[in-house]
Every structure is written in C-alpha cells, then in structure tokens.
Q: 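One structure is given below, represented as structure tokens, and several questions about it will come after.
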There are 2 protein chains.
Amino acid sequence: MSERFTYDIYNDCCPAREVLGRLADKWALLILDRLEQGPVRFNSLRRDIQGISQKMLTQSLRRLERDGLVHREVQPTVPVTVEYSLTRLGQTLTETVTVLTHWAEHNMNAIIAAQTAYDEAQQA
Amino acid sequence: MSERFTYDIYNDCCPAREVLGRLADKWALLILDRLEQGPVRFNSLRRDIQGISQKMLTQSLRRLERDGLVHREVQPTVPVTVEYSLTRLGQTLTETVTVLTHWAEHNMNAIIAAQTAYDEAQQA
DNA sequence: CAGCATCCTCGGGGATACTG
DNA sequence: CAGTATCCCCGAGGATGCTG
C-alpha cells in the first residue's frame, strides 16, 4: 500500500507534485534550513541567505506561509518587525531538508570530481 | 564542526549551493525517485514521468549523469536502447530524496488545508 | 529507440523606487 | 523595518521536425 503512494507522484495531476514543486525551489530549501536554527526577522534572513533578492525572499516566505510551513508574526514595535519561524508541519519537513543539505555539503567534492571527469571524457 | 558545514550553504559562492540547485529541480527529484526502483530505458522514463518533455528529460539526465548520480549505458541493439540507473553516489542521494517525496505525498492534504485556510483568511 | 537542432514565448526574477 | 509596485529582460522550457 505504500506502493500506491510511490506511484502517485508520477501522475501529472497529482497534488504531491505541487508539493514537490515547492521544495524544488532552492530559496525555499535555504530558508527552511535557516529557520530550523530558530526564528529570524526578515532582513536578518535577507542577510544570512546571500544572493537572494528582497522580492524572492518575500515571495518564497509567502508561499511557505500559505503552505502552512512557516509562521509569520508581526511585532507591534516601531518600526514594525516581523519574525518568521517554522510551524509544526514545517519542522517535520526541515528534518528531511536538513539531511538533504548535509548530503549536498558532504558530497559536493565527489560531484565536482564527477563533473570534471565527465567534461574531460567529453573533450576527447 | 558540523556547524561549519551548516553555515557554508548560505554563502553565495558555495559549491554546495550548486548541488542544492540540482536538487531544486522537480524533474531531477522525480527521475531519481523513479530510478531507485531499478534501471529504466529512456522512453519508459518518459512515459512514467507524466508531463515531462523529451527535451527536459534529456537535459536532466545529462546533468545527473555529469554529476555522477546516474549511469547511462548504451545497449548495442538495433535500434539502440539506453538504460539509465543510479550510481552508488546516486543511491545515497535517493535514500534522502525518497524520504522527501514520501513526505510530500503524506502531507499534501495538510498543505492543501493550510492553503485553503490562508486564502480564506486573505479574502476577509 | 533515443536523441539533437531550431524556433518561439512566457513568466521567473533582478533592479529600482516608493510606503506604512 | 518590512515590505509593495513597476519596469524590463533573459533564459527555461514547450512544440515541432529530423537522424543514426
């Protein structure tokens, strides 16, 4: 019966595809990974995740919030500050995402080596 | 020292970002997930993964092959057939990816519910 | 069967300026 | 501070047709 789930994802109209599509967003992955370390404010996130534009950060956060993965809390300070944190659902996801990012960090050398080998083989 | 790794990924020029970028490709995720079930030929993959174009499949496969995640084996039949399978490195990755796709399938209902709630709250 | 090549479009996403 | 709004461009990616 777990097989039933395994195959669903290949279907074009499957909502799980939609969900996967969310994860297939490098910014989302990085944001989730960052949020796992604790609540962060908008500009802090912006600084931490180098290279992300303000537009993309806002967009990704909104999407993550809409998906129920991230919680957005407005603090009534002056000027206003907004704190982002993981929801319970988001936490269950980041556990997996973290494994993924760690995999990326630990295996990047192997990948770079593979790329070099591939490119050289292609040359000849 | 695991903290050192954790922070690397936020750096703009970090190769791990590149790697994550690879994973941030819904087709790649689906392909890896499919290949975990065993070697598959090109057109079979094309059929299994509904909605993918020939161009995208070729492109994703080439990238995965270049990254050393997927093995491409040409069979000298007539006409030629090509079989794709996971490399050892690819296998270590798919273990994680599978967890991710399963998460997507098992939590899609919760996500859809969150979206509906969000949209209704937005309406008012 | 397993691609490569070409054309074309459509929207992702950067840059910039403004606001509560 | 944490956004929204606008303009604009480039490249991801679909459609189509051809080949070893």
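To find a chain, count down the sequence lines: A is the first, B the second, and so on, and within it residues start at 1. Quick note: numbers below take in every heavy atom, side chains included, and nothing from hydrogens, waters or symmetry partners. Bear in mind that the values here come from a model prediction, so they are computed numbers and not experimental data.
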Q: Using whole Å, what does the distance between atom P of nucleotide C:dA2 and atom CZ of B:R46 come to?
A: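 Result: 11 Å.
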
Q: Would you compute the distance between atom CG of B:L93 and atom CH2 of A:W103 and round it to the nearest 0.5 angstrom?
A: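 It comes to 4.0 Å.
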
Q: Mind checking the CD-CD1 spacing from A:Q54 to A:I52? Nearest 0.5 Å is all I need.
A: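 Atom-to-atom, A:Q54:CD and A:I52:CD1 are 9.5 Å apart.
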
Q: Any heavy-atom pair between the side chains of B:E36 and B:V97 that's under 4.5 Å?
A: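 The answer is no; the side chains never approach within 4.5 Å.
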
Q: Would you mind reading off the distance between B:I49 atom CD1 and C:dA2 atom C1', rounded to a whole angstrom?
A: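 Atom CD1 in B:I49 sits about 15 Å away from atom C1' in C:dA2.
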
Q: When rounded to the nearest 0.5 angstrom, what distance separates CE in B:M56 from CD1 in B:I49?
A: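 These two atoms lie 13.0 Å from each other.
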
Q: Measure the spacing between CG of A:L35 and CG of A:L45 and express it to the nearest 0.5 Å.
A: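 Separation between the atoms: 5.5 Å.
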
Q: Partners of A:R46 by salt bridge (charged side-chain N to carboxylate O under 4.0 Å, His left out), sequence neighbours excluded?
A: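 So A:R46 forms no salt bridge (charged side-chain N to carboxylate O under 4.0 Å, His left out) with any residue.
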
Q: When you check every protein heavy atom under 4.0 Å of nucleotides 2-20 of chain D, what one-letter string (B, S, -) results, 5' to 3'?
A: SBB--------BB------

Q: Indicate the atoms forming the closest heavy-atom contact of A:T87 with A:V70, along with that distance.
A: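 Minimum heavy-atom separation between A:T87 and A:V70: CG2-C, 3.7 Å.
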
Q: To the nearest 10 degrees, how far apart in direction are the end axes of the helix from C:dC1-D:dG20 to C:dG20-D:dC1, each fit to five base pairs?
A: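 About 60° separates the two local helix axes.
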
Q: Would you name the heavy atoms of B:T58 and B:F42 that are closest together and state the gap between them?
A: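 Result for this residue pair: OG1-CZ, 3.5 Å.
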
